[in-house]
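Structure first, then comments.
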Amino acid sequence: MMVAMIHSFGASSRTTDNVVSLPRLRTRDNLSEPVCRWRAKVADRLEHLVRLKPGWDGYSAPPVRFENAYFALSLLDNLLPPNGPPPSIVPGAAGDLQLEWHIGSVDIELHVLAPNRVHAWFCVGDDVGQEQDLKANFFLIGSWIQRLLAEVDGVTRSSA
Amino acid sequence: MLLDPPPKDEQGSVTPHDHRGIADEDIVIRRISEEQLVEKNGRRVVSSIAFKGASSNGGMSVDIEKVIVALGHNPVEFVTTPRWIGSVRLVVGELRTLGLIVGYNPLPDNEAHGEVWGITRRPTAKAVQKAAVWFVQIDQVDLIST
Amino acid sequence: MSAARPDNLPDFEKPPLTEVVLGIQFSTPGGYSQIHAGQVWNLFRSQFPLVEEQQPIAPIFETFGPVKTSQADVQFLSGPVHDRFWFLSDDQSELLQFQNDRLLHNWRKTSEGRPYPRYERMRERFAYECRRLDEFFREEFGEKLAITQCEITYINQIPVEDFQSCEKILSFLRFDASIPDDVAFRSRYILSDERGLPFGRLIIDFKNGYKPDGSQVYVLELTCRGAPEEPTGDSAFAFIDLGRKYVVSKFADVTTPLAHGLWERRV
């Protein structure tokens, strides 16, 4: 199911919307603006996960919580460049979710337990890997994504 | 009831416990949903999240095989509801060796329901994943990446 | 804990302020359904006897990282959508906005309404409202209010006729030759703590437009938003207090001495 892409979920927190701005028509495509290749796929998957039926896991797991889906999308907006590979997204048993990349020898898992509670894990090859508990600052794992992108590059070249 | 009633808190919720009636040699079954599969180097693999506890009380749901049998059900049929779900089996003693506790938490729609408590970090979840073997395999899916 | 006005915080006798919003975003408690909104209204009905329904606001989270992807709005659809309710005061100058994951307190300038009650008074009221909501959640759902984001917004409407050009209002803006008749921009600043770690954002929106009576105004909106240190009321209000300092200070920084004169800057 396609996600509804809308201009506004319902305005904002302001209540005085008595000012009409001049319309801003998009009269051309800006070719220098990068197309975000992963966003639609991620949004579709998140849409699917928030609509899971309770008990989807065979027990009593609820669907992924809305707030976790939105937080995950915000996280990716700040972490994954437009040409980055989309993560696999899997639901947990308590409305949580996990973003995962497994490419070549690089593994990254970002477990979104709740907004501002992310357990991050990164591993290359047979290493034990490193873990971090993160809140909203994903600068700290920017180098992981760089390593992932390098791996994507390497995998792409070796298969060409 | 095959097993003694589990301990509960003031609100009537089962509290984490290591049930004496569940022996080390007993088997627990963990259902695996297709929603929890990921791609790894061209293969489908079960995600580590399938072996993490629910963040609400930390417990990982399982079905206790001997209770299923005592209720007169076939374990394979019992855990393949909905029909496409796969499952893995775990030996209780191996879970306890990892420092985990295995308890009984019967539910209105699943009298054989149990929980494994103590899986709070990824290394533990991964150790549980390594200890698991397929019970009802999902076609062309690896339990753990090779 | 009440907040005294910080010393040296810019202050204006006649600021062009038309709306102030204090807000929290929180995790929806398990078992909450829209039917409970009526009970929430009852908590505040004596101060806010009027009610309106609005479309909900999507969750928003300030996160920080090395990439800034353009963010098209996305709406995840799943079952019933919870409305946003406005609980309004008699004169409609103050209101509470409530939905399953948000509580906001707005003051807005109306022709017959009360004047701006000032931040300290608004904060005191909003802190009380958050405490009441927390008590309700504990009684009804057995869960405390778990706050995930806080925000404070100041909205200013500046009559164009007072300045003729926005470069006379904004201290950093200079037009070389002709002055545009349509201006809009957004700037965002990451706010960092004493360790240099990001904790919030300051967002400035500026645009020009027309009011219903046809008069032209510039709208200058400043918002500070981010996650509290802990998901508690005390922590949320510590963030909001800090956000207020950033917003008011930035307002003074980005506007000109000419504008400050017209607005009668006191500090």
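Remember, predicted model here, so these are calculated numbers, not experimental data. Just so we're on the same page: letters track the sequence lines, and every chain starts at 1.
- With a threshold of 4.5 angstrom between heavy atoms, C/Thr223 does not approach chain A through any atom at all.
- Taking chain C as the reference chain and counting heavy-atom pairs below 4.5 Å, the highest number among A/Gly84, A/Pro115, A/Ala114, A/Ala136 is found for A/Ala136.
- Taking the six-membered ring where tryptophan is involved, the planes of A/Phe71 and A/Phe138 are perpendicular, since the angle between them exceeds 60° and thus also 30°.
- Heavy-atom distances place the side chain of A/Asn116, and not its backbone, under 4.5 Å from chain C.
- For a residue to count as touching a neighbouring chain, one of its non-hydrogen atoms must lie under 4.5 Å from one of that chain's; by this rule C/Gln97 touches chain A with the side chain only.
- Ring orientation note: the planes of C/Phe141 and C/Phe137 are nearly perpendicular, at an angle over 60° on the 30°/60° scale.
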Requested in this report: Quick one: do C/Phe199 and C/Phe64 satisfy ring-ring contact (aromatic ring centres under 6.0 Å, His included)? Show the steps, please.
Outcome: CA-CA 8 Å; C/Phe199 70 88; C/Phe64 312 96; 8.2 Å; no
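- Counted within 6.0 Å of CD on A/Gln130, heavy atoms from surrounding residues, nucleotides or ligands total more than 12; the atom is thus considered enclosed.
- For C/Tyr218, no part lies near chain A; criterion is any non-hydrogen pair under 4.5 Å.
- The salt bridge (Lys or Arg N to Asp or Glu O under 4.0 Å) test with C/Glu151 is passed by exactly one of C/Arg225, C/Arg201, C/Arg244: C/Arg225.
- With a threshold of 4.5 angstrom between heavy atoms, C/Ser215 does not approach chain A through any atom at all.
- The pair C/Glu221-A/Arg14 counts as a salt bridge, with a side-chain nitrogen and a carboxylate oxygen less than 4.0 angstrom apart.
- Of the two parts of C/Asp101, neither the backbone nor the side chain holds a non-hydrogen atom closer than 4.5 Å to a non-hydrogen atom of chain A.
- Contacts between C/Ile60 and chain A at a heavy-atom distance below 4.5 Å are absent for every atom of the residue.
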